[in-house]
Amino acid sequence: MKMTFRWYGENDDSITLSQIRQIPGVSGVVGALFDIPVGEVWEKEAIKKLYNTVKASGLELEVIESVNVHEDIKLGLPSRERYIENYKQTIRNLSEFGVKVICYNFMPVFDWLRSDLAYPLPDGSNALCYIDEKVVNVDPIDLVKSTADNSNGFSLPGWEPERLAELENLFAQYREMNHEQLFANLKYFLEQIIPVCEECDVKMAIHPDDPPWDIYGLPRIVTNKENLDRLIHLVDSPYNGLTLCSGSLGANPDNNIPELIRYFGGMGRIHFAHVRNIKFFGKKQFHESAHLSSDGSLDLYEIMKAYHDIGFDGYIRPDHGRMIWGEQARPGYGLYDRALGIAYLNGLWEALTKNSK
């Protein structure tokens, strides 16, 4: 496996490439261009600048997260044709700079969603938290404002201000959308882009919905084994695969993460792995925790063992971390706890490798 670390660029991250380079076992960063409006082409010059910056630090740039999917594609509007053509060109441009995997999602309106960005934990740290009643009982517009106000001054992935400024209009457009229609629109999108991926040797890795259930009446379809199996067969190509996120899918206790890894990994359809832990404290209530198994509700040893058992040689990264040691950073994306997570995951991997011999 290749251990990576998500990085938001020189102008919008509290963490430097030189700091990432010093984390043992990290081979590359997972990057993106966040200043390009969703739906527009990622031009070669902008990609080249990012590529050269990362390579100069001694790291690789082989995974992009995310080339976000324009809302018109999810809605199936006639205007989707232009945005799909732009997406195809972006895939071609990224492939020229050695990108091998694109992580994306197909969540209507909201990307990941939390009720608290700095939920206090007993040890004095804080973490992202989801309490369903705090979400469903607040107006979505107020939730968007609260999320922006508590982001420590950083932009948040999937929470583009210009798009969310049209929240009422977006909700109106999705009013008649159901799960089957959203699946149909995803199928159309994949039918258009996967042939380009095959030509360019770039794999698409869809991220699960976070959390994996409908919110505010918006349909969510990347939620469980049945739906994951369905979507990889919408276009049955090895280039149509998954980002298997233990924290997102694991928010539903019915999702057995090691089982999912063995099932989809056995098909060769897991192209990117997000590994993190969460702690349940009620139905549809969880906070994110340290990666350590005993600190959360997921067994990270069994998760890593499943990856090891299938011979996973793809990309992996620690996912969200707590804010510890007084760090001020993008919520979920500080340096210290994610670096500790990498050390823990690498330790598990080394032990599994040596024990298997």
**Prompt:** Are any of the side-chain heavy atoms of Val202 and Val101 separated by less than 4.5 Å?
**Reply:** no
**Message:** Tell me whether Glu133 at atom CD has more than 12 heavy atoms from other residues, nucleotides or ligands lying less than 6.0 Å away.
**Reply:** no
**Item:** Leu50 with Val30, same ILVMFWY side-chain cluster at under 4.5 Å
**Value:** no
**Message:** Using the rule side chain to side chain contact (heavy atoms under 4.5 Å, CB included), only one of Thr4, Val29, Thr53 pairs with Leu59; which is it?
**Reply:** Val29
**Asked** Are any non-hydrogen side-chain atoms of Lys225 and Tyr263 less than 4.5 angstrom apart?
**Response** yes
**Item:** Validation row: Pro318, Val275 side chains within 4.5 angstrom (heavy atoms)
**Value:** no
**Prompt:** Looking only at side chains, do Asn93 and Gln89 share a donor and an acceptor under 3.5 Å apart?
**Reply:** yes
**Prompt:** Phe280 versus Gln285: any side-chain heavy-atom pair under 4.5 Å?
**Reply:** no
**Request:** Test the Arg338-Tyr333 pair against the cation-pi criterion, namely NZ or CZ under 6.0 angstrom from the six-membered ring centroid and within 45° of the ring axis.
**Result:** no
**Fill in**
Minimal heavy-atom distance between Phe106 and Pro108, with the atoms involved, is O-CD, 3.5 Å
**Message:** Checking Thr243 against His271 for the side-chain contact (heavy atoms from CB on, under 4.5 Å) test, could you report, in this order, the C-alpha distance in whole Å, the side-chain angles of both residues, the deciding distance, and whether it holds?
**Reply:** CA-CA 6 Å; Thr243 295; His271 303 322; over 6 Å; no
**Request:** Taking only Lys NZ, Arg NE, NH1 and NH2, and the carboxylate oxygens of Asp or Glu, determine whether Glu40 and Arg82 approach each other closer than 4.0 Å.
**Result:** yes
**Request:** Working to the nearest 0.5 Å, report the span between CG of Leu61 and CG of Asn52.
**Result:** 10.5 Å
**Item:** For Asn277 against His291, the heavy-atom pair lying closest together
**Value:** ND2-O, 3.4 Å
**Request:** Please determine, by modelled atom types, if His274 and Ser248 share a side-chain donor-acceptor pair under 3.5 angstrom.
**Result:** no
**Item:** Any side-chain heavy-atom pair of Ile257 and Leu244 under 4.5 Å
**Value:** yes
**Asked** Under a 4.5 Å cut-off applied to non-hydrogen side-chain atoms, are Asn105 and Val222 in contact?
**Response** no
**Prompt:** Do the two ring centres, one from Tyr83 and one from Phe189, sit under 6.0 Å apart?
**Reply:** no
**Fill in**
CG (Asp35) and CG (Asp12) are apart, to the nearest 0.5 Å, by 9.5 Å
**Message:** The test is side-chain hydrogen bond (donor to acceptor under 3.5 Å, both in side chains); show your working for Asp337 and His320 and say whether it passes.
**Reply:** CA-CA 8 Å; Asp337 203 39; His320 307 156; over 6 Å; no
**Prompt:** Are side-chain heavy atoms of Pro140 and Phe171 found at a separation under 4.5 Å?
**Reply:** yes
**Request:** Considering only NZ, NE, NH1 and NH2 on the basic side and carboxylate oxygens on the acidic side, decide whether Asp299 and Lys305 come within less than 4.0 Å.
**Result:** no
**Message:** Let me confirm one number: the CD-CD1 distance from Glu180 to Ile221, rounded to the nearest 0.5 Å.
**Reply:** 9.0 Å
**Item:** Electrostatic pair Lys283:Asp132 at N-O distance under 4.0 angstrom
**Value:** no
**Asked** Between Asp116 and Tyr130, does any side-chain donor sit less than 3.5 Å from a side-chain acceptor?
**Response** no
**Minimum side-chain heavy-atom gap Ile324-Leu340 below 4.5 Å** = yes
**Message:** Rounded at 0.5 Å granularity, tell me how far CG in Asn178 sits from CZ in Phe183.
**Reply:** 11.0 Å
**From CA spacing to verdict: side-chain contact (heavy atoms from CB on, under 4.5 Å), Lys100, Tyr315** = CA-CA 10 Å; Lys100 297 299 182 184; Tyr315 304 91; 3.8 Å; yes
**Asked** Is the shortest distance from a Lys or Arg side-chain nitrogen in Arg114 or Glu288 to a carboxylate oxygen in the other one below 4.0 Å?
**Response** yes
**Prompt:** Given Met267 and Ile232, is the side-chain contact (heavy atoms from CB on, under 4.5 Å) satisfied, shown in steps?
**Reply:** CA-CA 10 Å; Met267 299 179 186; Ile232 65 170; 3.6 Å; yes
**Request:** May I ask you to say whether Lys354 pairs ionically with Glu350, meaning some side-chain N is under 4.0 Å from a carboxylate O?
**Result:** yes
**Item:** Side-chain donor-acceptor pair present, Tyr174, Glu71, cut-off under 3.5 Å
**Value:** yes
**Message:** Taking CG in Asp236 as the centre, count heavy atoms belonging to other residues, nucleotides or ligands within less than 6.0 Å. Is the count above 12?
**Reply:** yes
**Request:** Decide, yes or no, whether a salt bridge links Arg276 with Asp210 under the criterion of side-chain N to carboxylate O below 4.0 Å.
**Result:** yes
**Request:** Over all heavy atoms of both residues, which pair between Trp213 and Asn252 is shortest? Give the atoms and the distance, please.
**Result:** CZ3-N, 4.4 Å
**Message:** Evaluate Ser289 against Asp295 for side-chain hydrogen bond (donor to acceptor under 3.5 Å, both in side chains), listing each step before the verdict.
**Reply:** CA-CA 6 Å; Ser289 68; Asp295 279 4; over 6 Å; no
**Arg80 to Tyr188, cation-pi by 6.0 Å centre distance and 45° axis angle** = yes
**Prompt:** Are Ile270 and Ile303 connected, step by step, through hydrophobic side chains (Ile, Leu, Val, Met, Phe, Trp, Tyr) whose heavy atoms are closer than 4.5 Å?
**Reply:** yes
**Request:** Check Phe154, Trp42, Tyr8 against Phe34 for a ring-ring contact (aromatic ring centres under 6.0 Å, His included) and give me the one that passes.
**Result:** Tyr8
**Message:** Taking Lys145 first and then Asp149, would you say they form a salt bridge - that is, a charged N and a carboxylate O separated by under 4.0 Å?
**Reply:** yes
**Prompt:** Between atom CG of Leu228 and atom CZ of Phe264, what is the distance when rounded to the nearest 0.5 Å?
**Reply:** 4.5 Å
**Atom of Arg322, atom of Ser125 and distance for their closest heavy-atom approach** = NH1-OG, 3.5 Å
**Fill in**
Shortest non-hydrogen pair, Phe110 vs Arg220, comes out as O-NH2, 3.5 Å
**Asked** Tyr87 and Ile64: same hydrophobic cluster, using ILVMFWY side-chain contacts below 4.5 Å?
**Response** yes
**Asked** Under 30°, 30 to 60°, or over 60°: which ring-plane class applies to Tyr307 and Phe312, parallel, tilted or perpendicular?
**Response** tilted
**Item:** Candidate list Lys203, Lys2, Arg317, test salt bridge (charged side-chain N to carboxylate O under 4.0 Å, His left out), partner Glu62, passing option
**Value:** Lys2
**Request:** Find the distance between CZ (Arg269) and CD1 (Ile206) and round it off to the nearest 0.5 Å.
**Result:** 12.5 Å
**Asked** Do Glu259 and Arg262 meet the salt-bridge criterion of a basic N to acidic O distance under 4.0 Å?
**Response** no
**Message:** side-chain hydrogen bond (donor to acceptor under 3.5 Å, both in side chains), that's the test. Do Asn224 and Asp254 meet it? Break it down for me.
**Reply:** CA-CA 8 Å; Asn224 54 34; Asp254 293 336; over 6 Å; no
**Asked** Under 3.5 Å, is there a donor-acceptor pair linking the side chains of Ser293 and Tyr344?
**Response** yes
**Message:** One thing to verify: whether Lys187 and Glu191 come together as a salt bridge, which I'm taking to mean a side-chain N less than 4.0 angstrom from a carboxylate O.
**Reply:** yes
**Request:** Evaluate the criterion side-chain contact (heavy atoms from CB on, under 4.5 Å) for residue pair Asn126 and Tyr119; output intermediate values, then yes/no.
**Result:** CA-CA 5 Å; Asn126 66 74; Tyr119 183 79; 5.7 Å; no
**Item:** Reference residue Met107; test side chain to side chain contact (heavy atoms under 4.5 Å, CB included); the match among Asp209, Leu218, Leu182, Ile215
**Value:** Asp209
**Request:** Return the minimal non-hydrogen interatomic distance between Glu198 and Ser237, and the atom names on each side.
**Result:** OE2-OG, 2.8 Å
